[in-house]
Amino acid sequence: MEDREEGTEGFEPVMMDLFKQMKMENHEQLLVCSDPASKLQALIAIHNTTLGPALGGCRMWPYESFDAALSDVLRLSRAMTYKAAVSDLPLGGGKSVIWGDALKDKTPAMLESFACHVAALGGRYIVAEDVGISLEDIEIVRKTNPHVAGFSLKDGGSGDPSPATAYGVFSGMRACLEEVYGKDSFEGRRVAIQGLGKVGSALAKLLHEAGASLYVSDMDPERVAKAIRAYGADPIHGHEVYRVDCDIFAPCALGGIINERSIAYLSCRIIAGAANNQLKDLEIASELGRRNILYAPDYVLNAGGLINIAEELTGYDQERAYQKIAKIYDRVKMVFALSKEKSVSTAKAAELLAEKRLKEGKRI
């Protein structure tokens, strides 16, 4: 029997499992970050840098386990690669997660320690904000690490990416309406929004101004109450949001919510929202097609924030950024056209477009 160094029992199986998970989607790098002094526990995943440095937000979340945090960072970093590729950006895909409760555990020392780990990557990964990480937090990270995007407007950055993300979703929704109803007007259309965070709230405002009737759902009753007051929205409780008879269902909260259970309750014609990884798996997209529900792939639709942040790399100009974000309409139409041409789901068509650019390294 091969001799083992004392204390290494059980080490190889764990590492092999990590490598197996990374190999499944061809991740380039995974950095496990720990700092007992600041209580930092974080993961940084770089999926693909074929087209440029990996850019992606940092998410702080109280994961149930290391496996849950690992699964999230790997899925999200892959999605960022595809989002950048299909959006024709000179960027790769990456993501980071800090394991902890942003309301209870986050400290400046923790963020500074995290910044040092990002800086050690030498620009292979550019960090921005995400769930649990605010613009103020990014400013703390930026003091120690220069590889940051999405910082404040006053310092030459693009600021909060939420309005840009919402505008991109809104633009993509227009393409969905035209595909299903023959015209891209929101007048008289019914939209159910699941999640009224920064993006969901900004999207609700755009939809209301465009003439849509809103149904809203959120865990925070005050957010719901605000939407009722501002937009005359109808409140929906919990999972009842799936059952709403509407034109568009807009997931703007958690991922994985379109699955074998929820799909049976859907009464919408279109799924188009800002949440990442909305589908449990690719086969769900095919089932949506069989049920005559048009799905707008999330990383095509919600790329507005990334497009906005990417403008910082050449000197931020808001008008130019929003002109590029408006082209999400065209990219969604491109996905639908390819879906028909290849007789594949819209989710698969989006993957084909992204993979084409990754393979060729040129504009799609």
Side-chain angles (χ1 to χ4, degrees), residues 10-34 41-59 61 63-87 89 91-99 117 121 124-127 130-131 251 254-261 263 275-288 295 297-300 302-303 306 335 342 344-361:
F11 180 73
E12 287 184 10
V14 172
M15 290 307 298
M16 289 303 294
D17 187 59
L18 279 174
F19 286 128
K20 182 179 179 181
Q21 290 189 60
M22 292 176 67
K23 186 178 179 181
M24 285 175 62
E25 298 292 353
N26 298 312
H27 282 77
E28 294 179 4
Q29 187 173 0
L30 176 70
L31 185 65
V32 181
C33 313
S34 176
Q41 296 182 101
L43 298 172
I44 302 173
I46 296 176
H47 177 254
N48 188 297
T49 55
T50 298
L51 299 175
L55 192 155
C58 176
R59 172 174 294 188
W61 193 259
Y63 295 100
E64 294 181 358
S65 64
F66 174 83
D67 284 347
L70 176 64
S71 176
D72 206 30
V73 79
L74 292 180
R75 288 186 306 108
L76 290 168
S77 58
R78 178 186 182 275
M80 291 303 296
T81 292
Y82 279 67
K83 184 183 297 188
V86 83
S87 300
L89 297 173
L91 295 168
K95 205 75 175 183
S96 54
V97 298
I98 297 175
W99 191 358
H117 285 285
L121 290 167
R124 275 176 53 78
Y125 171 60
I126 302 170
V127 65
D130 201 328
V131 177
L254 300 176
I257 55 96
I258 309 298
N259 51 50
E260 295 89 346
R261 289 171 297 177
I263 198 171
N276 289 307
N277 301 316
Q278 294 166 23
L279 305 183
K280 181 184 175 185
D281 53 53
L282 203 61
E283 178 53 33
I284 293 293
S286 299
E287 180 59 25
L288 288 171
Y295 169 65
D298 47 51
Y299 59 80
V300 181
N302 66 18
L306 177 61
V335 167
K342 299 291 186 181
V344 296
S345 71
T346 54
K348 183 62 179 177
E351 285 198 348
L352 291 173
L353 284 173
E355 288 166 359
K356 182 177 186 291
R357 184 169 183 233
L358 288 168
K359 183 179 179 180
E360 300 177 353

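Residues Leu18 and Val32 have side chains not in contact (no heavy-atom distance under 4.5 Å, counting atoms from C-beta outward). When side chains are defined from C-beta on, Leu30 does not count as touching Gln21, because their heavy atoms never get closer than 4.5 Å. Here the side chains of Glu25 and Leu74 are not in contact, with every heavy-atom distance at 4.5 Å or above. Leu306 is not listed as a side-chain neighbour of Ser87, based on a closest heavy-atom distance of 4.5 Å or more. Taking the side chain as every heavy atom from C-beta outward, Leu89 and Leu51 never approach each other to under 4.5 Å. The closest side-chain heavy-atom distance from Leu288 to Ser345 is not below 4.5 Å. Side-chain contact check for Leu91 versus Pro53: some heavy-atom pair is nearer than 4.5 Å.
A donor-acceptor pair under 3.5 Å is absent between the side-chain atoms of His47 and the main chain of Tyr82, judged by distance alone. In this structure, Tyr63 contributes its side chain and Leu70 its backbone to no donor-acceptor pair below 3.5 Å. Looking only at distances, no side-chain donor or acceptor of Asp17 sits under 3.5 Å from a matching main-chain atom of Lys20.
Residues Arg78 and Glu351 are paired through a salt bridge, judged by an N-O separation under 4.0 Å between the basic side chain and the carboxylate.
Between Ala275 and Asp298, the shortest heavy-atom contact is O-CB, 3.2 Å. Tyr299 and Ala79 make their closest contact through CB-O, 4.1 Å (heavy atoms, listed as atom of the first residue, atom of the second, distance). Taking every heavy atom of both residues into account, Cys33 and Ile44 meet most closely at SG-CD1, 4.0 Å. Heavy atoms only, all atoms of each residue included: Ser96 and Val127 are closest at OG-CG2, 4.1 Å. Taking both residues in full, the closest heavy atoms of Ala303 and Lys83 are given as CB-CG, 3.6 Å, listed atom of the first, atom of the second, then distance. What you find for Ala54 and Thr49 is that their closest heavy atoms are N-CG2, 4.0 Å.
Rounding to the nearest 0.5 angstrom, the gap separating the CG atom in Leu254 from the CG atom in Asn277 is 11.5 Å. Atom-to-atom distance recorded for Lys359:NZ and Leu352:CG is 11.5 Å, nearest 0.5 angstrom. Taking CG from Leu282 and NZ from Lys348, the interatomic distance works out to 6.5 Å, rounded to the nearest 0.5 Å. Atom CG of Leu43 is separated from atom CZ of Arg59 by 13.0 Å, given to the nearest 0.5 angstrom. Rounding to the nearest 0.5 angstrom, the gap separating the CG atom in Leu121 from the CD1 atom in Ile46 is 5.0 Å. Summarising the geometry, atom CD1 belonging to Ile284 is positioned 7.0 Å from atom CG belonging to Leu279; distances are rounded to the nearest 0.5 Å.
Considering Gln29, Glu28, His27, Lys95 in turn, His27 is the only one that fulfils the side chain to side chain donor-acceptor pair (under 3.5 Å) rule with Ser77. Results of the side chain to side chain contact (heavy atoms under 4.5 Å, CB included) test with Val86 over Val300, Thr81, Leu358 single out Val300 as the only residue that passes.
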(request) Evaluate the criterion side chain to side chain donor-acceptor pair (under 3.5 Å) for residue pair Asn48 and Thr50; output intermediate values, then yes/no. (result) CA-CA 6 Å; Asn48 188 297; Thr50 298; 2.7 Å; yes

